[in-house]
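One structure is given below, encoded as structure tokens.
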Amino acid sequence: MVVGLMVVSAVIAAVLGYRAPQSSSPSSSSLPSLSFLPSLPSSSPSSPSAAAPSHAPRSEHRGALGALGSADGVVPDGVTIYDDAIPAVSKLDPGLLNALRQAATAAADDGVEFYVNSGWRSPEYQEELLREAVFRYGSEEEAARWVATATTSPHVSGDAVDMGNSDATEWLSEHGAEYGLCQIYENEPWHYELRADAIDRGCPRMYADPTQDPRMQQ
């Protein structure tokens, strides 16, 4: 009898010991993945501490762009302002391209090379970037702070370039006005356009972001 009771007690203890971990909180591996959610800003759109996308156009060059390619203005890695075989460069406004190449020649003396993240874009490419921005940021209003429509974007008209390295943007922030090259938006230090008057008068005051640009209201 005693032996039988001891066996029964051992079995009960084993069962309770097995069930105890099962009643604890589920491990992280059993939780559903949230990787399908879009990447959203970590702070409110109006907050100055909101992190700006790092070279935003580059992230969109790979992913949901379907059949879009170089002919639409997609830029592969390593493209410089001298790569005429790349439509994103060759279809830039001639005045802008000439100013960029003059500046690039001077910057090379300081050991700085001008790489291009984005330049001319087709309307189809621009609209795809806008759709992706709406998905990423959760609203058309927030997306408009980073991506214009195909009818208002200076990229579609060939009047804007996004520089691909911080050395170039730092150099242009100091010397760009000498060539008529100006940063237009405070939140996009990579985005430059030609302002010929800047050679004599300096670059105009920057807009906080594209939503403050009257051209975007058309």
Side-chain angles (χ1 to χ4, degrees), residues 31-77 79 86-89 91-93 96 115-166 168-169 172 182-195 204-218:
L31 295 176
S33 171
L34 301 180
S35 60
F36 61 88
L37 292 177
S39 176
L40 298 175
S42 59
S43 54
S44 64
S46 59
S47 169
S49 62
S54 176
H55 298 287
R58 175 63 63 197
S59 66
E60 285 91 0
H61 291 168
R62 305 168 181 82
L65 288 181
L68 296 178
S70 177
D72 292 286
V74 178
V75 179
D77 290 330
V79 169
I86 304 298
V89 174
K91 291 189 176 183
L92 287 172
D93 172 77
L96 172 60
Y115 290 99
V116 175
N117 255 3
S118 194
W120 168 85
R121 301 172 188 157
S122 70
E124 293 77 15
Y125 183 20
Q126 188 67 31
E127 287 300 329
E128 184 61 45
L129 293 180
L130 181 57
R131 283 191 291 270
E132 185 168 306
V134 172
F135 176 76
R136 173 176 297 175
Y137 297 116
S139 70
E140 293 182 358
E141 290 75 15
E142 177 63 15
R145 297 183 62 239
W146 306 104
V147 183
T149 66
T151 57
T152 60
S153 173
H155 284 283
V156 174
S157 61
D159 293 315
V161 64
D162 291 343
M163 305 308 297
N165 52 319
S166 58
T169 57
L172 284 170
C182 297
Q183 179 184 338
I184 304 302
Y185 308 118
E186 291 179 359
N187 69 329
E188 296 189 5
W190 54 82
H191 180 106
Y192 274 80
E193 299 180 26
L194 181 64
R195 298 290 184 271
R205 183 177 180 179
M206 287 183 279
Y207 299 110
D209 59 56
T211 63
Q212 307 301 311
D213 187 342
R215 297 176 300 172
M216 302 300 116
Q217 312 308 318
Q218 299 175 5

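Note that the CH2 atom of Trp146 and the CD atom of Glu188 stand 6.5 Å from one another [nearest 0.5 Å]. Considering CG of Leu68 and CD of Glu124, their distance stands at 7.5 Å, rounded to 0.5 Å. Note that CG of Asp93 is 7.0 Å distant from CG of Leu194, once rounded to the nearest 0.5 Å. The SG atom of Cys182 sits 15.0 Å away from the CZ atom of Arg205 when rounded to the nearest 0.5 Å. Put simply, CD on Glu128 and CZ on Arg131 are 4.5 Å apart, with the number rounded to the nearest 0.5 Å. Distance check, rounded to the nearest 0.5 Å: CG of Asp72 to CH2 of Trp120 gives 6.0 Å.
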Item to check | Val79/Tyr115 under side chain to side chain contact (heavy atoms under 4.5 Å, CB included): CA gap, chis, key distance, verdict | outcome: CA-CA 6 Å; Val79 169; Tyr115 290 99; over 6 Å; no
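A pairwise comparison of heavy atoms in Pro154 and Met216 identifies CD-CE, 4.1 Å as the closest pair. Smallest separation of non-hydrogen atoms from Pro87 and Ala71: CG-CA, 4.2 Å. Across all non-hydrogen atoms, the minimal contact from Ala160 to Leu96 is N-CD2, 3.6 Å. Val116 approaches Val161 most closely through the heavy-atom pair CG1-CG2, 4.0 Å. Across every non-hydrogen atom of Tyr207 and Pro214, the tightest pair is OH-CD, 3.3 Å. Heavy-atom minimum distance, Ala150 versus Pro123: CB-O, 3.8 Å.
A donor-acceptor distance shorter than 3.5 angstrom exists from the side chain of Asp213 to the backbone of Arg215, with no hydrogens or angles considered. Put simply, the side chain of Gln217 gets close to the backbone of Thr211: a donor and an acceptor are under 3.5 Å apart. Remark: the backbone N or O of Tyr185 is paired with a side-chain donor or acceptor of Gln183 at under 3.5 angstrom. Counting only distance, with no hydrogens or angles, the side chain of His155 and the backbone of Arg121 share no donor-acceptor pair below 3.5 Å. Proximity of a side-chain donor or acceptor of Gln126 to a complementary backbone N or O of Ala148 within less than 3.5 Å is detected.
Side-chain N/O atoms of Thr152 and Thr149 include a donor and acceptor closer than 3.5 Å.
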